[in-house]
Q: 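Attaching a single structure in structure tokens format; questions to follow.
FYI, side chains are in, hydrogens and waters are out, and symmetry mates aren't considered; it's all heavy atoms of this structure. In what follows, chains are A, B, ... by sequence order, proteins preceding strands, each numbered from 1.
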Number of protein chains: 2
Amino acid sequence: MPSETSLSIGDLARATDTKVETSRWYERVGVLAAPARTSGNYRAYGSEHLERLSFVRRARDLGFSLDQVRDLLQLADDRNQSCDAVDRVAREHLEQVERKIADLKALRHELRDLIGQCCHGTVAECRIVRALAPDRGAA
Amino acid sequence: MPSETSLSIGDLARATDTKVETSRWYERVGVLAAPARTSGNYRAYGSEHLERLSFVRRARDLGFSLDQVRDLLQLADDRNQSCDAVDRVAREHLEQVERKIADLKALRHELRDLIGQCCHGTVAECRIVRALAPDRGAA
DNA sequence: ATGGACCCTATGGCCGCTACAGGGTCAAGA
DNA sequence: TCTTGACCCTGTAGCGGCCATAGGGTCCAT
């Protein structure tokens, strides 16, 4: 009984805070199913698309890659299986995030060192410039 | 008096731990000057290129964008000017890094919450999946 | 009938490379 | 001298994840 809401791509965009082009892109790369078309060839989305796109956006906001999102969607569709696989994807992503944080902290440390050495003279004697050119390096 | 070392692009690559294609790319986008050519049209780099490329690589390792690297190079070349401008570029970058760290920490927090809720049942009742689909949301 | 808001497809751009394909060059060994 | 193989050249396409055009078509209100 399709008393379904029919949403244009613009409606969908507003409802999910997504650009119109992004929905089309998601359709192309297979994270959002191609919807029915109107007689004028407009995309006509139903509530299932709205849910789907919201899911995708939320996952993207959480930093999951589109590949991971595809995995999560597939997993989420198989309602009877154990959610351990979902948990695994999330944990894997958490690990990536943690690695990135660690990397950035190391970076921050180096940058702070660098900046701390700047004595505000001329470039010729600038420690930052020297530190970047490794032969006249840290010596 | 050019008793200069003449390096092939491969030599340069080995010396700076850079891919051959990357040097060519840097030349295209103007962070590495086009070197002289041999009779066989091979690139012949001098020590100035080696220094330059090392600088670029080090700056990139520190997460500076190519635009920022271009700025730094230009600043580093004008040896008489105050190095405040260099300092500014570095500080700006440090701020970007700090913002990114903060964002990733917030993300980590959300992910940890999410994962903590997984009760290892079936997908149908998986909290992670529910949290991602915002209508049946956190309620 | 007309205007303007919307929609369509196709294509190119962003960043910072990387990886081909399809050639040319060069030095060492047989 | 010829051949092999390592190197080099240019040009183009691809990655992820979209965003922004160009050049059209559609729909609805006036």
Q: Reading DNA chain C in the 5' to 3' direction, which nucleotide is the first one with an atom under 4.0 Å from a heavy atom of chain B, and which is the last?
A: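 Answer, 5' to 3': C/dG16 to C/dC26.
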
Q: Using the rule given for salt bridge (Lys or Arg N to Asp or Glu O under 4.0 Å), can you reason through A/E110 versus A/K105, listing the C-alpha separation, both sets of side-chain angles and the distance that settles it, and then say yes or no?
A: CA-CA 9 Å; A/E110 283 207 76; A/K105 279 186 176 176; over 6 Å; no

Q: Are any side-chain N or O atoms of A/R70 and backbone N or O atoms of A/V29, one a donor and one an acceptor, separated by less than 3.5 Å?
A: yes

Q: Looking at five pairs on each end of the helix from C/dA1-D/dT30 to C/dA30-D/dT1, what is the angle between the two axes, given to 10 degrees?
A: 40°

Q: Output yes when a side-chain donor or acceptor of A/R60 lies under 3.5 Å from a complementary backbone atom of A/F64, and no otherwise.
A: yes

Q: Measure the CZ-CD1 distance between A/R91 and B/I128 for me, rounded to the nearest 0.5 Å.
A: 7.5 Å

Q: Look at the side chain of B/Q68 and the backbone N and O of B/S65, then say whether any donor-acceptor pair between them is shorter than 3.5 Å.
A: yes

Q: What distance separates A/R88 CZ from A/C83 SG, expressed to the nearest 0.5 Å?
A: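 The distance works out to 10.5 Å.
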
Q: Working to the nearest 0.5 Å, report the span between OG of B/S8 and CZ of B/R14.
A: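 The OG atom of B/S8 sits 6.0 Å away from the CZ atom of B/R14.
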
Q: Toward the 5' end of DNA chain C, which comes first, B/R57 or B/S39, by nearest nucleotide?
A: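 In this pair, the answer is B/R57.
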
Q: How long is the straight-line distance from CD1 of A/I9 back to OH of A/Y42, given to the nearest 0.5 Å?
A: 11.5 Å

Q: At what distance, to the nearest 0.5 angstrom, does CG of A/L62 lie from CG of B/L132?
A: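 One finds 6.5 Å between CG of A/L62 and CG of B/L132.
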
Q: Please list, by residue number, the residues of residues 11-38 of chain B whose heavy atoms come closer than 4.0 Å to an atom of DNA chain C; answer none if no residue qualifies.
A: B/K19, B/E21, B/T22, B/W25, B/Y26

Q: Is it the case that over 12 heavy atoms from other parts of the model lie below 6.0 angstrom from the CZ atom of B/R28?
A: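 It does not: B/R28 CZ has 12 such atoms or fewer within range.
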
Q: From A/F55 CZ over to A/L72 CG, what is the distance, rounded to the nearest 0.5 angstrom?
A: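 Here the rounded value is 5.0 Å.
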
Q: Are any of the side-chain heavy atoms of B/L107 and B/L104 separated by less than 4.5 Å?
A: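 Counting from C-beta outward, B/L107 and B/L104 do come under 4.5 Å.
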
Q: Picking from B/L50, B/T18, B/V20, what satisfies side-chain contact (heavy atoms from CB on, under 4.5 Å) with B/L12?
A: B/L50

Q: Under 4.5 Å between any side-chain heavy atoms of B/V123 and A/N80, yes or no?
A: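 The answer is no, as the side chains (C-beta and beyond) never meet within the 4.5 Å cut-off.
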
Q: Can you tell me if B/R57 uses its side chain to pair, donor with acceptor, with the backbone of B/D61 under 3.5 Å?
A: no

Q: Can you pull out the residues from residues 60-71 of chain A that lie within a 4.0 Å heavy-atom distance of DNA chain D?
A: A/R60, A/S65, A/L66

Q: Any side-chain heavy atom of B/H49 sitting closer than 4.5 Å to one from B/P35?
A: yes

Q: Is there a residue in residues 88-111 of chain A whose heavy atoms reach under 4.0 Å of DNA chain D, and which residues are they?
A: none

Q: At the 4.0 Å heavy-atom cut-off to chain B, mark where contacts on DNA chain D begin and end, going 5' to 3'.
A: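 The protein-touched segment is D/dC7 to D/dT10.
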
Q: Pair A/E98, B/R112 - check salt bridge (Lys or Arg N to Asp or Glu O under 4.0 Å), show working.
A: CA-CA 11 Å; A/E98 278 172 344; B/R112 280 182 178 161; 2.6 Å; yes

